[in-house]
A.B. asks: 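Please read through the structure below; I'll follow up with questions.
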Amino acid sequence: ILDLQRQTNMRMKDLIIERDLVKMEQMEKHIGELQQSLLQSVEVYAAIASDEGKALAGKYRDDATKWFSVMSNVIVLAKQNKDAEVASMREKNETALIAEMRDLIKKMNDLTAARLTASVEKAASAYNTARNIMLMMSFGCILLGIVIAFVVMRQMSKVIRDEIGRAHV
């Protein structure tokens, strides 16, 4: 997301310098598509996030909406050749918003990493428990098999000894 924003900012700088109205129109369309895609991604994140993650996603969505508004206003001002206002708007709004959005993304990533780590640890614990139960059951079955074999062998040898004893008499 940050790379897309960085690329968009670079393209905006180039467009302002070039003063190409056709490219500015294309950039407006690109910003609209980027906004839609970004907001959908944030909604997907919010749908699976914890309450803290939902709050971060909501704040990010608000900041992203502001950033897209700033970018749209910059294009409008650039079309009107109001360079001083473009520079002022970008300086006042854009840099702060991008920094705040970067921090929010870092917090969302950290939160997601923590949840993922907890999930992996929980899965590893469940795996270890299941493995230990299976090992104990296997060991128990082997012992039970040895006991049954011993009992059967004793029963058979008793019968054989009795028969041999009767044969000698």
Side-chain angles (χ1 to χ4, degrees), residues 1-14 26-72 74 90 93-169:
I1 292 172
L2 292 174
D3 286 339
L4 288 172
Q5 289 175 326
R6 199 173 298 117
Q7 291 170 4
T8 301
N9 282 339
M10 296 303 292
R11 289 173 66 188
M12 282 295 295
K13 288 177 186 176
D14 293 342
Q26 290 172 346
M27 180 57 102
E28 280 182 307
K29 182 180 176 188
H30 169 73
I31 288 173
E33 291 168 355
L34 180 61
Q35 181 179 14
Q36 184 179 8
S37 174
L38 182 106
L39 293 179
Q40 285 175 348
S41 297
V42 171
E43 291 305 318
V44 168
Y45 175 84
I48 62 172
S50 63
D51 290 340
E52 183 182 359
K54 288 179 182 176
L56 290 172
K59 178 71 174 127
Y60 185 85
R61 181 180 46 250
D62 294 344
D63 286 351
T65 302
K66 289 177 193 173
W67 181 76
F68 286 117
S69 176
V70 167
M71 295 304 283
S72 296
V74 164
R90 292 188 79 189
N93 299 310
E94 187 177 324
T95 307
L97 281 172
I98 288 177
E100 190 171 335
M101 291 167 72
R102 185 177 298 117
D103 290 343
L104 288 169
I105 286 176
K106 184 180 180 330
K107 287 177 185 176
M108 288 189 291
N109 285 341
D110 291 346
L111 188 62
T112 301
R115 285 183 64 201
L116 181 61
T117 300
S119 291
V120 168
E121 289 171 357
K122 187 176 178 182
S125 174
Y127 165 77
N128 288 332
T129 302
R131 183 196 62 201
N132 291 340
I133 289 170
M134 288 173 52
L135 286 172
M136 287 189 286
M137 288 177 64
S138 297
F139 183 70
C141 288
I142 290 171
L143 283 177
L144 183 63
I146 290 171
V147 168
I148 290 172
F150 182 75
V151 169
V152 168
M153 181 184 73
R154 296 273 300 167
Q155 291 293 330
M156 290 174 61
S157 64
K158 185 178 178 189
V159 171
I160 292 173
R161 257 188 268 130
D162 290 345
E163 288 298 320
I164 291 175
R166 272 192 250 149
H168 282 295
V169 177

A.B. asks: For K59, check side-chain contact (heavy atoms from CB on, under 4.5 Å) against everything at least two apart and list the hits.
C.D. replies: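 Result, side-chain contact (heavy atoms from CB on, under 4.5 Å) vs K59: D63, E100, L104.
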A.B. asks: Any ion pair linking K106 and D110 (charged N to carboxylate O, less than 4.0 Å)?
C.D. replies: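 Salt bridge: yes.
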A.B. asks: For the pair T129 (side chain) and S125 (backbone), establish whether a donor and an acceptor sit closer than 3.5 Å, ignoring hydrogens and angles.
C.D. replies: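 Yes; judged by distance alone, with no hydrogens or angles, the pair exists.
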A.B. asks: For side chain to side chain contact (heavy atoms under 4.5 Å, CB included), just list the numbers for L39 and T65, CA-CA rounded to whole Å, side-chain angles, deciding distance to a tenth of an Å, and then say yes or no.
C.D. replies: CA-CA 9 Å; L39 293 179; T65 302; 4.3 Å; yes
A.B. asks: Taking atom CZ of R115 and atom CD of E52, what is their separation to the nearest 0.5 Å?
C.D. replies: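 Going from the CZ atom of R115 to the CD atom of E52 covers 10.5 Å.
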A.B. asks: Look at the side chain of S72 and the backbone N and O of F68, then say whether any donor-acceptor pair between them is shorter than 3.5 Å.
C.D. replies: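 Yes, S72 side chain to F68 backbone: donor-acceptor pair under 3.5 Å.
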A.B. asks: How long is the straight-line distance from OG1 of T112 back to CG of L116, given to the nearest 0.5 Å?
C.D. replies: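 Going from the CG atom of L116 to the OG1 atom of T112 covers 8.5 Å.
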A.B. asks: Listed by chain and number, what are the side-chain contact (heavy atoms from CB on, under 4.5 Å) partners of S138, not counting sequence neighbours?
C.D. replies: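 In terms of side-chain contact (heavy atoms from CB on, under 4.5 Å), with neighbours along the sequence ignored, S138 is linked to no residue.
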A.B. asks: In Å and rounded to the nearest 0.5 Å, what is the CE to NZ distance from M101 to K66?
C.D. replies: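 With rounding to 0.5 Å, CE (M101) is 10.5 Å from NZ (K66).
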A.B. asks: In plain terms, say whether E43 and R61 are close enough for a salt bridge, that is, a side-chain N and a carboxylate O under 4.0 Å apart.
C.D. replies: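 Counted as a salt bridge, because a side-chain N and a carboxylate O are separated by less than 4.0 Å.
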A.B. asks: Flag the pair F150 / M153 as yes when at least one side-chain heavy-atom distance between them is below 4.5 Å, and no otherwise.
C.D. replies: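 Answer yes - side chains close enough.
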A.B. asks: Do D162 and K158 pass the side chain to side chain contact (heavy atoms under 4.5 Å, CB included) test, and can you show the C-alpha distance, the side-chain angles, and the key distance before you say yes or no?
C.D. replies: CA-CA 6 Å; D162 290 345; K158 185 178 178 189; 4.1 Å; yes
A.B. asks: Give, for atom CG of L38 and atom CH2 of W67, the distance between the pair rounded to the nearest 0.5 Å.
C.D. replies: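 CH2 of W67 is found 8.5 Å from CG of L38.
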A.B. asks: Considering residues at least two apart in sequence or located in another chain, which fulfil the side-chain contact (heavy atoms from CB on, under 4.5 Å) criterion with N128?
C.D. replies: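 Partners of N128 by the side-chain contact (heavy atoms from CB on, under 4.5 Å) criterion, ordered by chain and then number, come out as R131.
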A.B. asks: Could you walk me through whether Y45 and L111 pass the side chain to side chain contact (heavy atoms under 4.5 Å, CB included) test, one step at a time?
C.D. replies: CA-CA 11 Å; Y45 175 84; L111 188 62; 4.0 Å; yes
A.B. asks: Measure the spacing between SG of C141 and CD1 of I148 and express it to the nearest 0.5 Å.
C.D. replies: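 Reported to 0.5 Å precision, the distance equals 9.5 Å.
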